[in-house]
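Chain naming here is simple, since letters A, B, ... match the order of the sequence lines and numbering starts at 1 in each. Values reported hereafter were calculated over all heavy atoms of this structure, with side chains retained and with hydrogens, waters and symmetry mates removed.
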Amino acid sequence: MVLVRMSQLYAPTLREAPAEAEISSHALMLRAGLIRKLVSGVYSYLPLAYRTLRKIEDIVREEMNRAGGQEILMSAIQPAELWIESGRWNDMGSEMFRLKDRNGRQFCLGPTHEEIFTFLIRDEVRSYKQLPLLLYQIQTKYRDEMRPRFGLIRAREFIMKDLYSFDIDEAGLERSYEKMYEAYCRTFERSGLEYVVVEADTGTMGGSASHEFMVVTDTGEDLIAKCSKCGYAANIEKAECVAPKGLNADRVEIDGENPKEVITPNIKSIDELSSFLGKSGKDMIKTLIYLADGQPIAALVRGDREINEIKLKNFLSAFTLELADEATIMEVTGGPLGFSGPIGLTGIKLVADEEVPFIQDAVVGANQRDKHLINVNYGRDFSADNIADIRKAVEGDACSKCGEPIEVVRTIEVGHIFKLGTKYTSALGATFLDENGRERPMIMGCYGIGVTRTMAAIIEKNHDEKGIIWPFSVAPFHVTIVPINIKNSEQKAAAFKLYKECLNNGVEAVIDDRDERSGVKFNDADLIGFPIRITVGPRSLKEGKVEIRLRQSGKEIQVPLGSAVEKIKTLIKEAVIYEDRCSDSGI
RNA sequence: CGGGGCGUAGCGCAGUUUGGUAGCGCACUUGGUUUGGGACCAAGGGGUCGGAGGUUCAAAUCCUCUCGCCCCGACCA
């Protein structure tokens with residue numbers, strides 16, 4: 001190991017955070033000299049960051065290998081042909097960085113690698129005897145995000161571990177998936193990250209099941225619903241809502257007043273309608289006109305609810321779903337935007353949320369300008385073609401598993417695992433011969449961990465007002481040795497002696513040999529977040545001692561110079577015992 | 001892509017309303033005094049004011065176009 005002197009280390013720290021950094025992890029990575037931005041969403045990883053990234057990668061690597069994965073490395077450049085074969089050349093849209101070679105042949109910078117992994121194995125793997133096969137890489141991915149943000153949380157270039165499993169049947173996929181699930185848990189535990197696993201939507205990846213590994217933090221981009229009682233957790237896009245009970249949706253005993261027109265001048269939103277009529281949004285039905293694969297449909301939810309477009313899209317089995325423009329609304333409903341309602345809507349499919357039939361004497365749009373209808377009841381005045389769970393879950397909703405109220409919290413997605421099935425293997429012709437000599441497509445799974453995003457999430461979860469607090473397992477260095485005054489020969493000699501001893505004992509250390517005031521060095525140490533700081537100063541040195549301070553707790557102890565390294569080794573071991581235990585559990 | 005904001009020294013900002021030829025703090029260099037939680041004194045270096053065009057005797061400042069960056073939204077393995 002080489003001497004690392006703070007005076008030489010390229011870790012330019014900043015007193016003030018650049019104005020562009022909005023969240024702690026981003027600001028701290030810039031301030032602590034971990035990263036610098038090249039362009040929007042593209043960053044350079046400086047020595048401290050790169051050391052941590054390699055540590056995270058090593059943990060990932062160990063866990064992938066343990067689970068039977070074999071590491072390979074593929075190019076970031078991929079030919080368009082394979083994406084055209086899978087149908088995703090168009091599906092990925094402008095999120096894909098595309099380029100052409102000198103002959104005009106089209107390529108992309110890989111946003112993900114299902115196609116080329118499948119291509120890699122399709123001609124070589126011919127027999128069930130070669131399966132299961134788990135291949136992975138840790139590599140740079142490119143996505144031209146429409147809105148990069150939060151530093152490394154949503155970048156356009158990022159490091160990712162992606163593993164792909166190929167199995168002979170569903171049972172095999174199930175086993176591979178379980179292994180990966182387990183490996184992910186261990187990876188994040190070892191990285192010092194608290195996480196929750198949630199059920200997730202499979203999105204454009206396709207496939208039957210999927211789990212996301214989420215880190216709960218106020219600055220996260222994803223919302224999840226979780227139940228503290230039974231532990232059920234799901235991405236908000238996926239979180240099921242429980243249909244209301246008690247009332248019978250097919251009730252016939254409605255004998256109140258008939259629907260009546262009311263004049264609602266220029267009242268378009270539920271809020272406006274609510275204050276105009278003095279009624280709650282709960283007593284209204286919101287009717288939204290969507291284009292599903294280009295065909296207009298009407299979606300109905302309670303006035304105070306929001307449509308979950310993912311649920312609606314999945315329910316309709318549509319490829320695309322978007323709100324209809326005003327012209328389409330006029331054409332379909334006969335009225336302008338803001339006055340749509342279910343009564344008299346003909347020729348288009350009506351999908352109502354499960355709550356809709358239970359709204360009594362509801363307010364709905366009249367499909368005419370400035371008019372709404374009151375006293376509207378489902379079953380008597382209108383009915384829907386389908387009733388389905390299409391609303392967004394909200395805080396306090398009943399848990400779909402146990403009925404207790406759910407919590408909605410913000411999270412960062414650090415890992416995502418999918419059961420893909422045969423979507424890619426069929427499209428790309430990755431087949432094998434089974435025991436009976438029959439040709440079958442392989443059953444595929446894919447499993448991603450955002451390495452750079454994980455680093456950001458670790459900081460997001462482990463910092464205070466002074467800076468980063470690295471968990472031992474991913475800290476760029478375990479120890480920083482700080483001589484109070486480097487010009488004092490006694491301190492300097494003691495500090496370097498200690499430092500060499502650290503190196504000889506495999507303790508990862510730096511020495512802050514800068515001719516700075518102690519305050520500057522202490523503050524930088526806190527900012528960078530070394531788990532242990534050893535202060536070599538006149539106070540304790542006159543008794544032959546040095547001070548060991550823990551970043552996490554702020555606890556400080558004095559130990560004789562001669563036994564400092566032993567003490568540190570013990571401290572590191574204690575922090576690492578947990579990792580060992582974790583590594584030995586399970587399999 | 002829609003809405004909003006911002007581009008002036010490495011970082012944080014003032015100056016723009018009312019045009020007159022660029023400034024503050026931190027950082028940096030040199031010398032000195034200091035040295036246990038971001039020292040002090042002195043002397044310095046560093047900016048085609050994002051870019052292009054225009055108006056004007058004169059543009060950081062006014063006009064037009066353009067590029068970049070950030071935030072909110074829509075989107076997303």
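Residue A/A21 is classed as having no contact, given no heavy-atom separation below 4.0 Å to the nucleic acid. No engagement by A/S94 is indicated, since no non-hydrogen atom pair under 4.0 Å with the nucleic acid exists. A/D524 comes within contact range of at least one nucleobase, with a heavy-atom separation under 4.0 Å. Here A/Y164 lies out of heavy-atom contact (under 4.0 Å) with every strand. Counting non-hydrogen atoms under 4.0 angstrom, A/E309 reaches the backbone sugars and phosphates but no base. Nucleic acid contact for A/T535: base, since at least one base atom lies under 4.0 Å from a heavy atom of the residue.
Nearest heavy atom pair, residue A/T112 against residue A/R88, reads CG2-NH2, 3.6 Å.
A salt bridge links A/E174 with A/K419; the closest basic N to acidic carboxylate O contact falls under 4.0 Å. Salt bridge annotation for A/D304-A/R391: absent, with no cationic side-chain nitrogen under 4.0 angstrom from a carboxylate oxygen. Electrostatic pairing of A/E460 and A/R410 does not count as a salt bridge here, judged by no charged N lying under 4.0 Å from a carboxylate O.
For the C1' atoms, the distance from B/C63 to B/C69 is 24 Å, rounded to whole Å. Spacing of C1' atoms, B/C62 relative to B/U55, comes out at 8 Å, to the nearest Å. Going from the C1' atom of B/A22 to that of B/C75 covers 44 Å, rounded to whole Å. Here, B/G25 and B/G46 have their C1' atoms 16 Å apart, quoted to the whole Å. B/A52 sits 50 Å from B/G37 when the P atoms are compared, rounded to a whole Å.
The base of B/G25 lies close enough to the side chain of A/E16 for a donor and an acceptor atom to sit less than 3.5 Å apart. Taking only distance into account, the side chain of A/R154 meets the base of B/C76 through a donor-acceptor pair shorter than 3.5 Å. Side-chain atoms of A/R36 and base atoms of B/G10 include no donor and acceptor less than 3.5 Å apart. For B/G38, the base has a donor-acceptor partner in the side chain of A/R31 [N/O atoms by modelled type, under 3.5 angstrom]. Side chain A/D526 to base B/G37: a donor-acceptor pair is found below 3.5 Å. A donor-acceptor contact under 3.5 Å links the side chain of A/E547 to the base of B/G36.
As the counterpart of B/C76, no nucleotide is assigned, since no Watson-Crick or G-U wobble pattern has both distances under 3.5 Å. Of the nucleotides present, B/A52 is the one that pairs with B/U64 by Watson-Crick or G-U wobble criteria, both distances under 3.5 Å. Applying the Watson-Crick and G-U wobble criteria (two distances, each under 3.5 Å), B/C11 pairs with B/G25. Both distances falling under 3.5 Å, in either a Watson-Crick or a G-U wobble arrangement, place B/C40 opposite B/G32.
The side chain of A/R149 contributes an N or O atom lying less than 4.0 Å from OP1 or OP2 of B/G73. Applying the 4.0 Å criterion to OP1 and OP2 of B/G25, one finds that A/R15 has every side-chain N and O outside that range. An OP1 or OP2 oxygen of B/C70 is reached within less than 4.0 angstrom by a side-chain nitrogen or oxygen of A/S40.
The side chain of A/M146 sits closest to B/C75 out of B/C71, B/C75, B/C76. Of all nucleotides listed (B/A39, B/C28, B/G36), B/G36 comes nearest to the side chain of A/P538. Nearest nucleotide to the side chain of A/K313, out of B/U35, B/A39, B/C76: B/C76. The A/D515 side chain lies nearest to B/U35 when the options are B/G12, B/U35, B/C71.
In this structure, NZ on A/K37 lies 5.5 Å from OH on A/Y43, to the nearest 0.5 angstrom.
Comparing A/K487 and A/K161, the nucleotide of RNA chain B nearest to each residue sits closer to the 5' end for A/K487. Summary of the strand contacts: A/G537 and A/R156 both lie near RNA chain B, and taking for each the nucleotide with the nearest heavy atom, the more 5' one is attributed to A/G537.
Between A/Y142 and A/F97, the ring planes lie perpendicular to each other; the angle is over 60°, past the 30° to 60° tilted range.
Side-chain contact of A/T187 with A/E63: a donor-acceptor pair under 3.5 Å is absent, judged by distance alone.
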